[in-house]
Amino acid sequence: MHTKRELQQQRTLVEQLRSQSSLNPQHAEKMEQSIASSWERSTRADIPKERLAAPLLDQVSTQTGSLALALQACQQDLKHVAEQSAMVLAVGDVGSTIIWTASCTQMRNAAERVHFVAGGQWQEELVGTNALALSLKTQKSSCVFSNEHYMASVHDWVCYAAPILDPFSKQVLGVVDLSTTWENHNSLGLLAVERCAAIIQMAVQQLQQQHVYIRTFNTAQVLINGKHLSLSPRQVEILVILALCPQGLNLENLHQALYGERKVSMGTLKAEMSHLRDHLGDLLGSRPYRLNVPVEADFLQLEQALDAGYINTALQGYTGIFLAKTESPFLCAWRDCLESRLSHAIFQSEGSDALLRHLAYCPEAVDAAERLLELLPASHPAKNMLSKYQDH
């Protein structure tokens, strides 16, 4: 447990660092490197200095999927944690928008004033350094103490956050945060929020007795309950089509989606489905063909990120071409649509770090290079590397 004097000294040190006109490597020795990096990003984001509360969505969308269902199952346990710890507990989605909260009486009014409530948008580019966004960016537990926060209205807070991981695929589903006043900062805070993440992850696991996860960027893979299936490229394509058509497809429509005008018999597709059922059993339904289990996939997560306007999350998820070798007309058309949406998002992006990472994974992404040339200052070392794209 920290003494009041120690905490006050820490606030004073942070304030001294904030008053510096520029950040330097010595700052990283006095605080978390991730905080210093977040400050730099927040400064570049041009956040209004008068902003005292997070932007609030007019209407909170009804959440679906593993995280929302798990919250319904474990919310009483989480409410108990918030009340017993005298904290406010918030769960955010992959873009740092809060989807659910529970609060002790002492923190409720403070949380409402800064929009630390359902619908509050706590993306770093909107409110600056905060624990939810930092934990999602680093995919690690994070603590943001007092005036380490960028927004002045939460300088009296200390926040602990941990990512919520899918127990099988290990993909990030969201983030959980515990917050209280800075005087109550405790080294056990991170352990408490990690326990909350574990409660949610256990609820996810109990709901997903049969869990299918599909990867399509770079190397295509299908996992059931965390175990890789040995499938042919054609069988993976079938599963991706069925994941995109959850209502199911009859044999003729599936054949058209998979083969188009290619001269492939219906018998060949029936044989493929028979082999696929050997792997999936009752998870694969028929009449129509469909998947009898909720499916999660990297391409569905990327689409959801684009739908929500989470450009950096979408760029982070696109680590290679979607089923690069597929000849399925349905999947090729879906890929073209996805890449068109992603390109549009790239030209709306203000995040040069995310664009540079995207370009590292996808060197052929001319749109990302063009946007970077617009965003980066002339002195940036990446400018020389990007100059080769100007000839395209």
Can D77 and R195 be said to form a salt bridge (Lys or Arg N to Asp or Glu O under 4.0 Å), step by step? CA-CA 11 Å; D77 291 337; R195 175 58 184 157; over 6 Å; no
Between Q84 and K79, does a side-chain contact (heavy atoms from CB on, under 4.5 Å) hold up when you go through it step by step? CA-CA 9 Å; Q84 292 299 309; K79 286 179 180 178; over 6 Å; no
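- Listed for the N109 side chain is no donor-acceptor partner under 3.5 Å among the backbone atoms of M107.
- Proximity of a side-chain donor or acceptor of R108 to a complementary backbone N or O of S103 within less than 3.5 Å is detected.
- In this structure a side-chain-to-backbone donor-acceptor pair under 3.5 Å is present from N225 to H211.
- For E40 (side chain) and S37 (main-chain N/O), no donor-acceptor pair under 3.5 Å exists by modelled atom type.
- Between the side chains of S141 and E194, at least one donor N or O sits under 3.5 Å from an acceptor N or O.
- The side-chain heavy atoms of L89 and W100, taken from C-beta on, include a pair separated by under 4.5 Å.
- Atom CG in L134 sits 9.5 Å away from atom OG in S42 (nearest 0.5 Å).
- Taking CG from L242 and CG from L291, the interatomic distance works out to 5.0 Å, rounded to the nearest 0.5 Å.
- Residue N218 comes nearest to G320 through the heavy atom pair OD1-CA, 3.7 Å, listed as atom of the first residue, atom of the second, then distance.
- The heavy-atom pair separating T101 from A90 by the smallest distance is CG2-CB, 3.8 Å.
- Side-chain polar atoms of S265 and T268 form a donor-acceptor pair below 3.5 angstrom.
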L229/L223 under side-chain contact (heavy atoms from CB on, under 4.5 Å): CA gap, chis, key distance, verdict: CA-CA 6 Å; L229 291 187; L223 298 88; over 6 Å; no
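- No single ILVMFWY cluster, assembled from side-chain heavy atoms under 4.5 Å apart, contains both L67 and Y310.
- A continuous path of Ile, Leu, Val, Met, Phe, Trp and Tyr side chains, each step under 4.5 Å between heavy atoms, connects V236 with I241, placing both in one hydrophobic cluster.
- Taking SG from C143 and CG from L190, the interatomic distance works out to 5.5 Å, rounded to the nearest 0.5 Å.
- Remark: the backbone N or O of L323 is paired with a side-chain donor or acceptor of R335 at under 3.5 angstrom.
- Between the R51 side chain and the L126 main chain, a donor and an acceptor come within less than 3.5 Å of each other.
- S85 places a side-chain N or O within donor-acceptor distance of the main-chain N or O of V81, the cut-off being under 3.5 Å.
- Counting heavy atoms from C-beta outward, W182 and E148 have side chains that stay 4.5 Å or more apart.
- Crowding of Y361 atom OH: a count of heavy atoms from other residues, nucleotides or ligands under 6.0 Å not exceeding 12.
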Determine, step by step, whether R341 and E303 satisfy the side-chain contact (heavy atoms from CB on, under 4.5 Å) criterion, reporting the C-alpha distance in whole Å, the side-chain angles of both residues, the deciding distance to 0.1 Å, and the verdict. CA-CA 9 Å; R341 292 189 65 192; E303 184 180 45; 3.9 Å; yes
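- The closest side-chain donor-acceptor pair between E237 and S328, if any, does not fall under 3.5 angstrom.
- Counting heavy atoms from C-beta outward, F116 and W157 have side chains that approach closer than 4.5 Å.
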How far apart are the C-alpha atoms of V91 and I98, what are their side-chain angles, what is the distance that settles it, and do they pass the side-chain contact (heavy atoms from CB on, under 4.5 Å) test? CA-CA 6 Å; V91 177; I98 295 176; over 6 Å; no
Y289 and N253: side-chain hydrogen bond (donor to acceptor under 3.5 Å, both in side chains), yes or no, with the steps? CA-CA 10 Å; Y289 290 116; N253 288 339; over 6 Å; no
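- Under a 3.5 Å cut-off, the side chain of H115 and the backbone N or O of L52 do not form any donor-acceptor pair.
- Around CD of E252, the count of heavy atoms belonging to other residues, nucleotides or ligands within 6.0 Å exceeds 12.
- Transitive grouping of hydrophobic side chains (ILVMFWY, heavy atoms separated by less than 4.5 Å) brings L254 and L284 into a common cluster.
- With values rounded to the nearest 0.5 angstrom, T97 atom OG1 is found 4.0 Å from Q123 atom CD.
- Residues S38 and E124 form a side-chain contact, since some pair of their non-hydrogen atoms from C-beta on lies under 4.5 Å apart.
- By the neighbour-count criterion of 12 heavy atoms within 6.0 Å, atom CE of M202 is sparsely surrounded, having that number or fewer from other residues, nucleotides or ligands.
- Atom CD in Q75 sits 8.0 Å away from atom CG in L78 (nearest 0.5 Å).
- Between E350 and R371, at least one side-chain N (NZ, or NE/NH1/NH2) sits under 4.0 Å from a carboxylate O, which counts as a salt bridge.
- T181 and D156 share no side-chain donor-acceptor pair at under 3.5 Å.
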Pair S169, E296 - check side-chain hydrogen bond (donor to acceptor under 3.5 Å, both in side chains), show working. CA-CA 9 Å; S169 69; E296 296 200 40; 5.8 Å; no
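- Here the side chains of V127 and I47 are not in contact, with every heavy-atom distance at 4.5 Å or above.
- Within the 3.5 Å criterion, the main-chain N or O of G351 finds no donor-acceptor partner in the side chain of N312.
- Under a hydrophobic-cluster definition in which Ile, Leu, Val, Met, Phe, Trp and Tyr are linked whenever side-chain heavy atoms come within less than 4.5 Å, directly or via other members, F330 and V264 are assigned to the same cluster.
- Of the possible donor and acceptor atoms, none in the side chain of S274 sits under 3.5 Å from a partner among the backbone N and O of K270.
- Between I164 and V172 there is no side-chain heavy-atom pair separated by less than 4.5 Å.
- Remark: M385 CE to H380 NE2 distance equals 9.0 Å, nearest 0.5 Å.
- The minimum heavy-atom distance linking P167 with V204 is given by the pair CD-CG1, 3.6 Å.
- For the residue pair S146 and H155, the shortest heavy atom distance occurs at OG-O, 2.7 Å.
- Across all their heavy atoms, S179 and C159 have their closest contact at OG-SG, 2.9 Å.
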Run R44 and D353 through salt bridge (Lys or Arg N to Asp or Glu O under 4.0 Å) and show every step you take. CA-CA 11 Å; R44 294 198 302 266; D353 290 345; 3.6 Å; yes
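- Taking each heavy atom of A53 and S153 in turn, the nearest pair found is N-OG, 4.4 Å.
- Looking only at side-chain heavy atoms (C-beta outward), I224 and K227 stay at 4.5 Å or farther from each other.
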Take E327 and R234 through the salt bridge (Lys or Arg N to Asp or Glu O under 4.0 Å) test and state the conclusion after the steps. CA-CA 10 Å; E327 296 179 358; R234 189 76 66 240; 5.9 Å; no
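- For R287, the CZ atom counts as loosely surrounded, since its 6.0 Å shell holds 12 or fewer non-hydrogen atoms of other residues, nucleotides or ligands.
- Looking at heavy atoms from C-beta onward, H344 lies out of side-chain contact with I346 at the 4.5 angstrom threshold.
- The aromatic ring centres of F168 and Y213 sit 6.0 Å or more apart.
- Relative orientation of the F322 and W334 rings is tilted, given thresholds of 30° and 60° on the angle between their planes.
- Under the 4.5 Å side-chain heavy-atom criterion for grouping Ile, Leu, Val, Met, Phe, Trp and Tyr, L178 is connected to V176 within one hydrophobic cluster.
- Remark: the H185 side chain and the Y160 side chain contain an N/O donor-acceptor pair separated by less than 3.5 Å.
- Summarising the local packing, CG of D278 is surrounded by more than 12 heavy atoms from other residues, nucleotides or ligands at distances under 6.0 Å.
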